[in-house]
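In what follows, chains carry the letters A, B, and so on, assigned in the order in which the sequence lines appear, proteins first and then strands, with residues in each chain numbered from 1.
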Amino acid sequence: MSDDETDWGASLSELSAVGHAPLIPPPPSGLPRVIIHIDLDCFYAQVEMVRQPALRSQPMGVRQKQMVITTNYTARARGIPKSGSVQALTQAYPELILVNGEDLYEYRRFSQRIFEVVSSMTFAHAVERLGMDENFIDVTPWVHAHLSAPAEIDPSPVQGHVFQAASWDKSDPVHRCLALGSVLAQRIRTRIREELGLTSAAGIAVNKTLAKLVGGCHKPDDQTLLLPDQTLALLQTLPSPRSIPGIGSATHASLLELGIDTLADLQAAQVSNLAEMFDRETAERLIQLSQGIDPSPVKTSGRPQSIGLEDRFKVITTRDESKTKLKWLWGRLAQLIYEDGRIPRVIRVTARDQIKERAQGRRWLKESRQTQIAGHILTGLKTNPDLPQREESQVVDICLSLLDKMVNHSAPYQLTLLGIGVSDFPPETANTIQNYFVAGAKETRNEKRQPKRSHAAMTPPNEEAMCQPTPDIDEAIRPCSKKVKPAPLAIPVCDVSDIPHDWDPEVWANLPMDIRTELLASQPIQSRTNVKPLNKKTKSIASYFQKKS
DNA sequence: ATGGGTCCT
DNA sequence: AGGACCC
């Protein structure tokens with residue numbers, strides 16, 4: 001037990017806090033949620049090393065324009081920083097090898113694969129993506145179901161590190177919940193390494209913020225569990241309120257104006273102290289975050305809400321140059337839309353104008369204009385990554401007219417960025433219950449399309465081509481994916497193989513979370529444990545989703 | 001920084 | 001449409 005008399009215990013405080021968080025089913029029986037955060041180690045650098053294994057032993061970094069955005073651990077072992085300007089780093093470390101990472105295509109593919117591996121192993125649980133290389137998983141239903149397993153088949157070993165392990169109590173049900181989470185986290189990380197050749201770090205805790213924070217304690221390629229009673233101890237290691245995810249630069253600046261400099265200041269603050277700068281809800285949330293209380297649910301990440309591309313460049317001063325750049329951007333974006341398979345209804349153009357920035361005395365002034373786009377123009381992308389000439393020039397003209405709303409071509413301007421994005425995809429009707437029972441209906445959704453063009457062909461005219469040959473991802477990972485089924489664990493984990501044979505995985509993947517959770521809890525967990533169904537009422541629901549025999 | 005994304009106002 | 005946040 002902690003000597004601290006203050007009740008910072010996140011789990012208990014949260015049980016009441018979640019009451020008004022709409023999407024969280026109240027945790028049963030006073031037990032906490034169990035959240036895993038998985039974070040790939042220097043993701044871009046690892047992907048480049050998988051694509052080009054000779055880089056593994058070299059100090060290497062990934063570059064976008066004039067910035068090195070990440071370096072591998074070989075480089076960091078030599079004292080090379082995680083990031084910096086190309087200029088500074090190549091001068092100080094001539095041995096550093098740089099790979100161009102401006103084309104995100106391969107990263108996107110690896111990111112999707114990671115999400116698939118995680119989702120397949122945490123069947124029926126919510127998985128939320130954060131950027132390309134982080135995922136939150138709410139494994140509460142599985143953990144709670146297994147907590148009641150007989151002790152002899154549930155040794156509850158902790159995997160990885162425990163933050164401040166001294167207060168570990170193996171008989172504490174809360175601790176056992178988290179230990180089960182650590183076993184799952186370990187298995188997920190192992191599988192990501194086996195399937196994709198990538199190492200990762202994980203944090204296990206009672207909410208997203210704490211899982212993410214504690215996951216940073218042992219990197220790379222390791223994991224850390226946070227016990228709720230060590231929440232304050234973890235938070236005390238943070239240098240500033242800015243270190244808390246969700247407190248960004250703007251919020252931090254406001255806090256400083258209020259004289260709140262340290263995390264302790266924020267922890268001790270009252271809502272009334274923050275009232276000048278924040279509304280009540282925000283003030284409450286900030287104070288709670290500072291205390292390690294975070295009721296925000298793990299959301300199920302579906303398909304993207306938007307797809308966009310941006311390119312920065314020295315300067316563009318004419319409509320003609322803009323047209324060329326927009327054409328090029330559209331060509332690449334069309335490929336991505338084609339691979340996605342959905343047809344968007346809104347298109348947006350983004351621009352930065354240096355002259356306007358200076359005129360307004362602002363460091364950053366990104367403008368955008370968007371418009372609906374008639375369905376018939378883009379429908380060609382359903383079957384082909386290239387639009388017919390006519391439609392393609394229509395799209396480019398639409399983009400140019402959007403740009404015209406932002407720049408006055410009869411006055412001087414200096415564009416340093418252009419982007420195109422699409423959004424407002426039609427809802428996917430495949431999710432309606434009726435569609436599950438229509439033969440062949442699912443063949444039209446979630447199609448995985450292969451690129452028709454090499455991405456080398458999509459390198460901008462002025463930029464250096466990507467010179468390295470790029471093995472296909474499946475080729476690249478083959479050495480690591482032996483397809484050997486891992487030895488069964490003492491504690492069974494939730495896996496696709498655990499789906500009852502008469503349940504359709506695809507149906508499951510598309511069920512709303514509350515239904516999935518209910519069904520998971522109701523599942524007899526056949527051949528896994530002797531746990532009895534928790535809720536017999538849902539058995540009739542389950543029967544609706546069984547495959548027809 | 002860069003090249004993406006998310007959600008909220 | 002912009003701004004906050006995240007990576």
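For A:Arg348, there are no salt bridge (charged side-chain N to carboxylate O under 4.0 Å, His left out) partners two or more places apart in sequence or in a different chain. Under the side-chain contact (heavy atoms from CB on, under 4.5 Å) criterion, A:Ala250 pairs with no residue, sequence neighbours left out. Legend: residues meeting salt bridge (charged side-chain N to carboxylate O under 4.0 Å, His left out) with A:Asp424, ordered by chain and number and at least two apart, are A:Arg345. For A:Arg242, the salt bridge (charged side-chain N to carboxylate O under 4.0 Å, His left out) criterion is met by no residue, not counting sequence neighbours. Judged as a side-chain contact (heavy atoms from CB on, under 4.5 Å), and not counting sequence neighbours, the contacts of A:Ser306 are A:Ser423. A search for side-chain contact (heavy atoms from CB on, under 4.5 Å) contacts involving A:Gln66 returns A:Val86, not counting sequence neighbours. Looking at residues two or more places apart in sequence or on another chain, you find no salt bridge (charged side-chain N to carboxylate O under 4.0 Å, His left out) involving A:Lys323.
A:Arg312 has a side-chain polar atom (N or O) that falls below the 4.0 Å cut-off from OP1 or OP2 of B:dG3.
Per the geometry, CD belonging to A:Gln64 stands 8 Å off P belonging to B:dG4, to the nearest Å. The distance between atom CD of A:Glu106 and atom P of B:dG3, rounded to the nearest whole Å, is 17 Å. Rounded to an integer number of Å, the gap from CD of A:Gln87 to C1' of B:dA1 is 14 Å. Rounded to a whole Å, the CD atom of A:Gln335 is 14 Å from the P atom of B:dG4. B:dG4 atom P lies 17 Å from atom CZ of A:Arg109, rounded to whole Å. Rounded to an integer number of Å, the gap from CD1 of A:Ile307 to P of B:dG5 is 7 Å. Regarding A:Arg303, its CZ atom lies at a distance of 18 Å from the C1' atom of B:dG4, rounded to whole Å.
Along DNA chain B, the nucleotide closest to A:Arg363 and the one closest to A:Arg108 are compared, and the more 5′ of them pairs with A:Arg363.
Within the structure, every pair that satisfies the ring-ring contact (aromatic ring centres under 6.0 Å, His included) test and touches residues 188-221 of chain A, not counting sequence neighbours, is listed here: A:His161-A:His218.
Listed by residue number, there are no residues of residues 395-403 of chain A with a heavy-atom contact under 4.0 Å to DNA chain C. Only A:Ile69, listed by number, bring a heavy atom of residues 69-85 of chain A to less than 4.0 angstrom from any atom of DNA chain B.
For the side-chain contact (heavy atoms from CB on, under 4.5 Å) with A:Val127, the qualifying choice from A:Val298, A:Ile38, A:Thr122 is A:Thr122, the only one to do so. Screening A:Val407, A:Asp404, A:Thr324 for a side-chain contact (heavy atoms from CB on, under 4.5 Å) with A:Arg319, the sole residue that qualifies is A:Asp404.
The number of heavy atoms from other shown groups lying within 6.0 Å of CZ (A:Arg56) is above 12. Within a 6.0 Å sphere centred on CD of A:Glu95, heavy atoms belonging to other residues, nucleotides or ligands number more than 12.
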ask   = When you check every protein heavy atom under 4.0 Å of nucleotides 1-7 of chain C, what one-letter string (B, S, -) results, 5' to 3'?
value = SSSSSSS
key: A:Glu392/A:Lys327 under salt bridge (Lys or Arg N to Asp or Glu O under 4.0 Å): CA gap, chis, key distance, verdict   = CA-CA 9 Å; A:Glu392 198 196 57; A:Lys327 249 186 189 156; over 6 Å; no
When you compare the protein's N or O atoms with those of nucleotides 7-9 of chain B, which come within less than 3.5 Å of each other, and at what distance?
none

